[in-house]
Enquirer: 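Handing you this structure, nothing more for now.
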Amino acid sequence: MTEFGDKSRNCAPGSRYTADRGLMSSVDYRCMARALTLARRGLYSADPNPRVGCVLLQNGDIVGEGWHERAGEAHAEVIALAAAGQRAQGATVYVTLEPCCHYGRTPPCTEALLQAGVARVVAAMRDPNPQVAGQGLAILREAGVVVDCGLLEAEARALNPGFIQRMTASRPWLRIKLAMSLDGRTALASGESQWLTGDAARRDVQRLRARSSAILTGIGTVLADDPALNVRLPETIRQPLRVILDSRLRTPPTARTLHLPGSVLIFTAVADPDRQAPLRAAGADITVVPHIGQGLDLAAIMAELARRECNEVQVECGPTLAGALLQAGLMDELVIYMAPLLLGDQARGLFQLPELTRMEERRELKLVETRAVGKDWRLRFRPVR
């Protein structure tokens, strides 16, 4: 196996970079693929921690497996080590994220691995958390453990886009979810929109909500639709934070979302405690942010959500807020459910954006997924930056 030193930004200094398929065996790939499958079991529950899976291999046999289920509970490596017991001595560890080396909600995984006497650690990617950031792999290597980094990294990164962005850019991953007709309309001119899409698409939206740290909308949607903004899956174990952007504090204390289990956060420019009192009495948390232009300071809102450990934020809103987030460069992903319907040219569009005078001003998106969901289609886009 070739020594690559620190040529990859994702590996600890001195660790071997193994993104080249030729440097890893088929067993390595199969074990890391299994670790990724395990990590996905924490898709809806691990937040605000990353989704992590771990496999221990000893003499060709898997002797321990684990995944991180909830914040404050054991990490994937610790669970896998407990399952392996004495067979962890001399084993190879496959983990989808660099083992932590700091005391957080739980003790460092590097200590547990060293105490168990593992011989080799293969990490899919370096931990973007500045408290780790390669140090975990470096500690293991300095203790004599063989360290490899970079195997199936793209797949590992895809599991935790919000955690990675929060750690590297101090803001959450922002996913805008919209439903539209075949002619690109979201509602009739009157505002009526229920239901554009079918049952299968609406269930799929619930799964997107369930993996999110927060569901965000604007006051226009609250006043027009009185949405619940919660997860309504039978197996739900965690309700995301519900966030309302309400610059003039028009949210009625009777709003349905205020009277459901879970937390509601309202961002406003109104600092008057008397105006805030009825909403606080209804259970809302209120944060005052500056008013900029036609709305609130969106960058300040994203920074506050990151401070509250929000990884993925799902936005379900009208064209005004969707357009503002797009223009501010805060949209990381756009998910559109397209129904085989036509609503006509007087119906409402997806984004409220200023008129373009030149084609070079257009905003380009990259289509990354197309999937049939019942009678509808789910289209997933990323902005081309």
Side-chain angles (χ1 to χ4, degrees), residues 4-19 35-36 39 42 46-54 67-68 70-78 93 95-114 121-143 145 147-175 211-214 241 298-313 329-330 332-333 385:
F4 276 75
D6 193 29
K7 294 184 179 179
S8 168
R9 63 181 175 83
N10 294 311
C11 294
S15 66
R16 299 181 297 184
Y17 182 61
T18 55
L36 288 164
D47 189 87
N49 286 357
R51 299 124 183 173
V52 182
C54 181
W67 71 92
H68 182 52
R70 291 184 181 86
E73 297 185 3
H75 287 190
E77 300 95 315
V78 173
V93 179
V95 62
T96 58
L97 186 69
E98 173 187 7
C100 65
C101 57
H102 67 291
Y103 282 89
R105 295 181 176 95
T106 59
C109 289
T110 49
E111 286 188 10
L113 291 167
L114 292 175
V121 171
V122 182
M125 62 174 287
R126 191 176 75 170
D127 190 338
N129 186 340
Q131 293 180 292
V132 185
Q135 297 178 69
L137 296 178
I139 288 170
L140 293 170
R141 184 176 181 274
E142 289 166 5
V145 177
V147 172
D148 291 303
C149 178
L151 179 62
L152 298 182
E153 179 178 349
E155 291 82 352
R157 295 180 71 86
L159 268 176
N160 292 297
F163 178 78
I164 294 170
Q165 181 148 291
R166 178 164 67 87
M167 289 297 162
T168 58
S170 297
R171 71 175 183 87
W173 179 269
L174 202 71
R175 178 192 305 113
R211 67 172 288 167
S212 303
S213 306
L241 174 68
L298 295 174
I301 289 169
M302 293 303 113
E304 174 61 18
L305 291 176
R307 190 190 69 80
R308 292 173 179 247
E309 296 187 304
C310 289
N311 292 330
E312 298 179 28
V313 173
L330 294 172
D332 298 297
E333 187 175 23
R385 294 190 171 107

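For this chain, numbers begin at 1 and follow the sequence in order. Keep in mind that what you see is a predicted model, and the values were worked out from it rather than measured.
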Enquirer: With side chains defined as the heavy atoms from C-beta onward, is the minimum distance between Ile164 and Met125 less than 4.5 Å?
Expert: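 Yes, side chains in contact.
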
Enquirer: Starting at CG of Asp127, measure out to OG1 of Thr96 and round the result to the nearest 0.5 Å.
Expert: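 So the gap between those two atoms works out to 10.0 Å.
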
Enquirer: From Leu114 CG over to Ile139 CD1, what is the distance, rounded to the nearest 0.5 angstrom?
Expert: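 It is 8.0 Å, given to the nearest 0.5 Å.
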
Enquirer: Just by distance, do the side chain of Glu309 and the backbone of Arg166 share a donor-acceptor pair under 3.5 Å?
Expert: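 Absent.
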
Enquirer: Determine the minimum heavy-atom distance between Gly329 and Arg385, stating which atoms define it.
Expert: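 The answer is O-NH2, 3.5 Å.
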
Enquirer: Roughly how far, to the nearest 0.5 Å, is CZ of Arg51 from CG of Leu36?
Expert: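 Those atoms lie 13.0 Å apart.
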
Enquirer: Might you point out which heavy atoms bring Cys101 and Gly136 nearest each other, and give the distance in Å?
Expert: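 Reported closest heavy-atom pair: SG-N, 3.7 Å.
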
Enquirer: How close do Pro50 and Ala46 get, heavy atom to heavy atom, and via which atoms?
Expert: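 Closest pair (atom of Pro50, atom of Ala46, distance): O-CB, 3.8 Å.
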
Enquirer: So Leu97 and Asn160, side chain to side chain contact (heavy atoms under 4.5 Å, CB included) or not? Walk me through it.
Expert: CA-CA 10 Å; Leu97 186 69; Asn160 292 297; 5.7 Å; no

Enquirer: How many angstroms lie between atom CD of Gln165 and atom CG of Asp332, to the nearest 0.5 angstrom?
Expert: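 Gln165 CD to Asp332 CG: 4.0 Å, rounded to 0.5 Å.
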
Enquirer: Could you pull out the closest heavy-atom pair between Ala214 and Cys310, with the gap in Å?
Expert: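 It is CB-SG, 4.1 Å.
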
Enquirer: Backbone N or O of Pro48 within a donor-acceptor pair of the Asn311 side chain at under 3.5 Å?
Expert: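 Side chain of Asn311 to backbone of Pro48: a pair is present.
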
Enquirer: How many angstroms lie between CG in Leu174 and CG in Leu330, if you round to the nearest 0.5 Å?
Expert: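 The CG atom of Leu174 sits 6.5 Å away from the CG atom of Leu330.
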
Enquirer: Quick check: closest heavy atoms across His75 and Asn49, and the distance to 0.1 Å?
Expert: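 Minimum heavy-atom separation between His75 and Asn49: NE2-ND2, 4.4 Å.
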
Enquirer: Got a donor-acceptor contact below 3.5 angstrom from the Arg175 side chain to the Ser212 backbone?
Expert: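 Side chain of Arg175 to backbone of Ser212, a donor-acceptor pair under 3.5 Å: no, none is there.
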
Enquirer: Taking side chain as C-beta onward, heavy atoms only, is Leu137 less than 4.5 Å from Pro99?
Expert: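 SC-SC contact between Leu137 and Pro99 confirmed.
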
Enquirer: Would you give the length of the straight line joining atom OG1 of Thr110 to atom CD of Glu142, rounded to the nearest 0.5 angstrom?
Expert: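 Spacing of OG1 (Thr110) from CD (Glu142) equals 11.0 Å.
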
Enquirer: Would a distance-only check, ignoring hydrogens and angles, find a side-chain to backbone donor-acceptor pair under 3.5 Å from Glu98 to Gly134?
Expert: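 Such a contact is found between Glu98 side chain and Gly134 backbone.
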
Enquirer: Apply side chain to side chain contact (heavy atoms under 4.5 Å, CB included) to Val145 and Leu113, showing your working.
Expert: CA-CA 10 Å; Val145 177; Leu113 291 167; over 6 Å; no

Enquirer: With no hydrogens and no angle check, is any side-chain donor or acceptor of His68 less than 3.5 Å from a backbone partner on Gly53?
Expert: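 Here the side-chain-to-backbone pair does not exist.
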
Enquirer: For a quick test of reading the model, state the closest non-hydrogen atom pair linking Trp67 to Gly42 and the distance between them.
Expert: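 Minimum heavy-atom separation between Trp67 and Gly42: CD1-N, 4.0 Å.
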
